[in-house]
Amino acid sequence: MPRHALTRSGASVALSVALAGTLVPLFPGAALAADGPAAEVVLPAPVRYQPRADTVVEAGATGHLHQREGTTGTLWTEYATGATTPLTATGSGYGGMRAALDPATPGAPRTVSVTTLGSGGVRKVEVPEGASWTKGFTADSVLVARSAADGSLTALAVVTMQDGRPVERPVTGVPQGLKLMDGTAYDLTSKGAVVFLAGPDGAVEKEYLVDYATAELREMPDHGDVDLEQFGDRHLMDRYGGDNANELRTVPRADPMATPVVTQLPKPPHGYQFFRGWETVIGDWIVFGWTPESWNADLPGVRLQAIPVGGGQPRFLLAHSAARPQAAPDGSLLVTGGTGATDWAVRRISLDANGAPQVTKVSDVPTASTTVDGLTLGAGTLHYRATSDGSSSPALYEHSLALTGTPTAGNRVLDRPVPGTVDALVPLGNGESAHQTGSDVLAAPGAHAAGMYGRLSGGSGRYVASGTATTQYAGDLQAPNNTRRFDGKAASTVWGTTFWMSDPAAPGTVSWYDMKSKATSPALAIGSGCTPNELQAVGRWVYWSCAQGAKAGVWDQKSRVSTPVPFGEAQLGDGFLVRKDKAAGKLTLTDFHTGVPSAVTTNDFASVPADADWSVDKFGGHVAFTDAQERIHVKPVTVPRSPIGFSEERVDASVLNLANGKDNIWHAAWQLTRPATRATLEIKNPAGTTVATLVAGDRKGAQVALAWDGRGADGKPVPAAHYTWTLSADPGDGSGPRAVRTGVIQVADVHRPFRDYDGDGIGEVFARAGDRITAHEPVKGTSTTSTGWTGINHVVPFGDLDGDDCDDILVRTTAGDLYRHSGTCGGVPAPGSPKAKIGAGFNAFDALLNSGDLTGDGRPDLLARVRSTGDLYLYADNAAGGIRGGVKIAGKWTGLTLIGAGDLAGDGHPYLLARDAAGDLWRYKSTGTGAFHARTLVFSDWGAGRDAIIGAGDVDGDGKLDLVSRDTNGKLLRNSGRGDGTFGSTVQIGTGWGARGALS
């Protein structure tokens, strides 16, 4: 179920729902004006969601060499002008330069030609007599070597041309007696190169770094210690070193043999992992990447970050990058990436004035266009198929359109391949669309219906229809294996929970099957005179089309009349039909919303190419179609719409018991007949007062999902009662919100079961003898006792009066004062427990009892009967740990034994029991407003010989409140509650209770 917004969060009550609500009539009153965009909107031709591949091969001083999807070979793009030309770069080189030894000319010195790519400029550098070129070079110099007769290296030099003559700058620090392996340098950069020197026997000795700027040869660490793979202006980095996968080691460029600096990379966020091999150094920063743990169809590449050498606060660089950054001669880095296809570019990572990395755009990468295929529009969600990765497997693209005003221009790709033909993509009205693959119908991830054969012919919320010419299938995307098969049926479709079918055995009729109730209708005459081979349904309208006879019509469920409409390729809307006329290159619209055949009109709606994709939003009232340039038009329909309603719902049947420390939310979801700009759920108590208002969160097409945690607007749990909820939806067309569904939620307070003092879910029987108060659980045979109670003459087991979630007790002193003693949730409180005097003069009463919340405020109340008059008073909880003043609610209740019994029927209403002088037991149900309904007889001639009768809560552990009594022989008796206000037969559960004192 989609996530939802609540006006309150948290949970503290157990909930159950009774769907006793009323369905808003399907055809109420006059139709409303259509919703949708104010005028036709044209979306640009869609671009492929995945960016066009464009990989930087080399970053030069004036431009960069790259390979672009859709072209062959390599391209050169100038930084200054953005001009891009094909360029085949041969030979070895780096940084947009190539160098090659010129062919020897007799009598002439050897020269190296250094060519700048793009401009084609060539600079020649002479190799001095007796020297050999090592393949190291810069834009204006070459690195040469001199060797002895035995091949050992004697000197290295950097050669530049001055006044037409070569000038050598000797490299210092060259060891003697070692050979230059292969006579070449490698890891060429504009700052220097690496030479590999070995002993006379060929054994590997050392790597050395040649620094062009200082003309120094610097020894580098062994491979076994630090494998220096990345060269920056200031640091050399070991990409693979370190004891942990997220460690990198660097050494200063000026001193490669220094102790390595270890940089700990930050832990990737959830869903990402390190992408090793792209680490690069720039200035005093290390650039590194994270990649998603699961690659999908969204966006390619690596999320680039930077961190200071040695560690520090990471710096975000680029959301997505498609290839390893390439170093430019000036030390900056070039990489391709961005946030998406319309923001994909070659970008430069350079250092700002503070030496921190910054990203700037170099040149845009053109987007890759797509061809719209399988266009569908449902409840403001536009879907179409397009190839997203250059393969033959298309992906599903989505636009979310505004309900009013202008549709958004952005799009996203859904990670779901959508093979099949154009007519296999069907909108569901809940923000998703379904397609058929073999015998399965797939929608959103996890939404699947199996055993669906033939062609997908309809979808509405969770339900889909498909079929062949002889068999139809009704599927439930939330219950994959509950597909229903209907043999001998020619066509089918679905709207809400209603699955429509035609039957060759009964021409001129249709019938329906309800997906939830499983009810089936008789054949319904539609006046077609033929067996429809195509059906569509929207609200009150059922479209039928017969290929045999080439005729079509729309049957109105309200008037039971069919209206003829043009035959052909058509899609049904709410009160209208759009038909595509390929020969004329247009869409026509037939308006039949009045249901009166004589008032039907057909007019041209839009000009379209013969091969245009198009779709009617049967949930929203727009029409979408493509033009010759693959632009998508969204055009409103001005036909008046039916009032917004609902077509299907899913509401939790019950919610868990929070007394066990668990959390629970009451969930509900409704599939509306059209989208709502705002949907609210208003919850009212029995008095009609609103206690909570929930507002729907993110819209999913025409689907609304809401939930309740059982708390009111003040954040506190609402009292136990029956609450009425009303769902209202505003379609945004100016008509305002409209109630579309009502129902009832039963809320039961579960902070602590009735009379449960030790938290085990079982009610206790209290006994007072001498200075002892004992709470017994007679079925379990356990008890807790508290001593030291002197100067009292009555004990009332009560609910939670002080708000600490533990049941309290009330005691009356011999002086007539009433005290509250706070409960401990661990048995009977002690006389010294926290207490408060809450009343005086209570010796005037001969009965004090608690039956639960009688006033509907969620707090327990006290009943007291005046000894002299029999008048019954209600002392309501004052929400401050005490009670309010007494209110007389009945008179002359003399001669009755009163029993506070709690909520005997689980309906949120506490009950009072009374035994009269004849021995009959009566039940009084609370109104929830401080009064009682008329009495109901529970037992006749019952209770004779019993000196104590107690509503002790659930003493047998079956979840229902019971009745416990004691006879004059000391036997303890139980009548188990049935959960409906009645009790079972009397069962003895103990003996010797006469000596245990006064029971309460």
Side-chain angles (χ1 to χ4, degrees), residues 49-59 64 66-69 187 226-232 235-250 260-328 331-341 343-350 356-359 361-362 365 388-390 413 415:
Y49 185 79
Q50 286 192 330
R52 185 186 296 273
D54 198 313
T55 304
V56 177
V57 177
E58 275 182 44
H64 68 281
H66 55 114
Q67 294 176 322
R68 176 176 293 171
E69 177 190 351
D187 279 348
V226 177
D227 185 8
L228 296 169
E229 297 289 345
Q230 291 293 310
F231 299 82
H235 303 275
L236 310 178
M237 184 178 67
D238 168 23
R239 189 195 315 159
Y240 302 105
D243 297 329
N244 299 313
N246 60 338
E247 284 184 358
L248 297 174
R249 293 190 288 182
T250 57
V261 174
V262 176
T263 301
Q264 188 90 13
L265 298 182
K267 182 180 179 181
H270 177 71
Y272 283 82
Q273 61 188 357
F274 289 112
F275 192 77
R276 303 311 303 264
W278 281 22
E279 296 86 352
T280 312
V281 287
I282 178 172
D284 292 322
W285 291 74
I286 297 174
V287 176
F288 65 96
W290 292 328
T291 185
E293 293 177 351
S294 299
W295 290 81
N296 53 37
D298 284 350
L299 282 173
V302 174
R303 179 176 173 180
L304 286 185
Q305 313 280 322
I307 189 171
V309 171
Q313 183 64 38
R315 191 183 186 97
F316 170 80
L317 297 179
L318 204 56
H320 304 276
S321 58
R324 176 180 169 183
Q326 298 295 313
S332 65
L333 305 171
L334 253 61
V335 65
T336 305
T339 59
D343 179 47
W344 209 247
V346 176
R347 303 179 190 272
R348 186 184 301 277
I349 303 174
S350 59
Q358 62 181 357
V359 180
K361 184 188 292 186
V362 174
V365 175
S388 65
D389 57 3
V413 69
D415 186 17

- Item | Listed partners of A345 passing side chain to side chain contact (heavy atoms under 4.5 Å, CB included), at least two apart | R347, K361, D364
- Message: So T280 and I349, do their side chains get closer than 4.5 Å, heavy atoms only?
- Response: no
- Note on the structure: Q305 meets the side chain to side chain donor-acceptor pair (under 3.5 Å) criterion, sequence neighbours left out, with none
- Taking side chain to side chain donor-acceptor pair (under 3.5 Å) as the test, write out the residues that go with R52, two or more places apart. none
- Counting N and O atoms only, with roles assigned by atom type, does the side chain of T291 sit under 3.5 Å from a partner on the main chain of Q273, one being a donor and the other an acceptor? no
- Please identify each residue that fulfils salt bridge (Lys or Arg N to Asp or Glu O under 4.0 Å) with R303, with sequence neighbours left out. none
- Task: Under the side chain to side chain contact (heavy atoms under 4.5 Å, CB included) rule, collect the residues that match up with T55, sequence neighbours excluded.
- Result: A323
- Item | Approximate separation, where rounding is to 0.5 Å, of L304 CG and E279 CD | 10.5 Å
- Message: Show the nearest heavy-atom pair for residues S321 and W278, with the distance to one decimal.
- Response: OG-CZ3, 3.4 Å
- Under 3.5 Å, side chain of T336 to main-chain N/O of A322, donor-acceptor pair present? no
- Message: Tell me every residue that passes side chain to side chain contact (heavy atoms under 4.5 Å, CB included) with A328, counting only those two or more places apart in sequence or in another chain.
- Response: A59, D330, S332, R348
- So, do W290 and F274 sit near enough that their side-chain heavy atoms are less than 4.5 Å apart? yes
- Message: So which atom in P325 and which in L333 form the shortest heavy-atom distance, rounded to 0.1 Å?
- Response: CB-CB, 4.1 Å
Can I get a per-line list of side-chain donor-acceptor pairs under 3.5 Å for residues 306-317, giving both atom names and the distance, sequence neighbours left out?
unit_1, atom_1, unit_2, atom_2, d
R315, NE, P357, O, 2.9

- Residue pairs passing the salt bridge (charged side-chain N to carboxylate O under 4.0 Å, His left out) test with at least one member in residues 280-289, sequence neighbours excluded, are R234-D284
- Between CZ of R249 and OG1 of T263, what distance do you get to the nearest 0.5 Å? 11.0 Å
- Task: Please identify each residue that fulfils ring-ring contact (aromatic ring centres under 6.0 Å, His included) with H66, with sequence neighbours left out.
- Result: H64
- Message: Quick check: do P268 and F275 have side-chain heavy atoms less than 4.5 Å from each other?
- Response: no
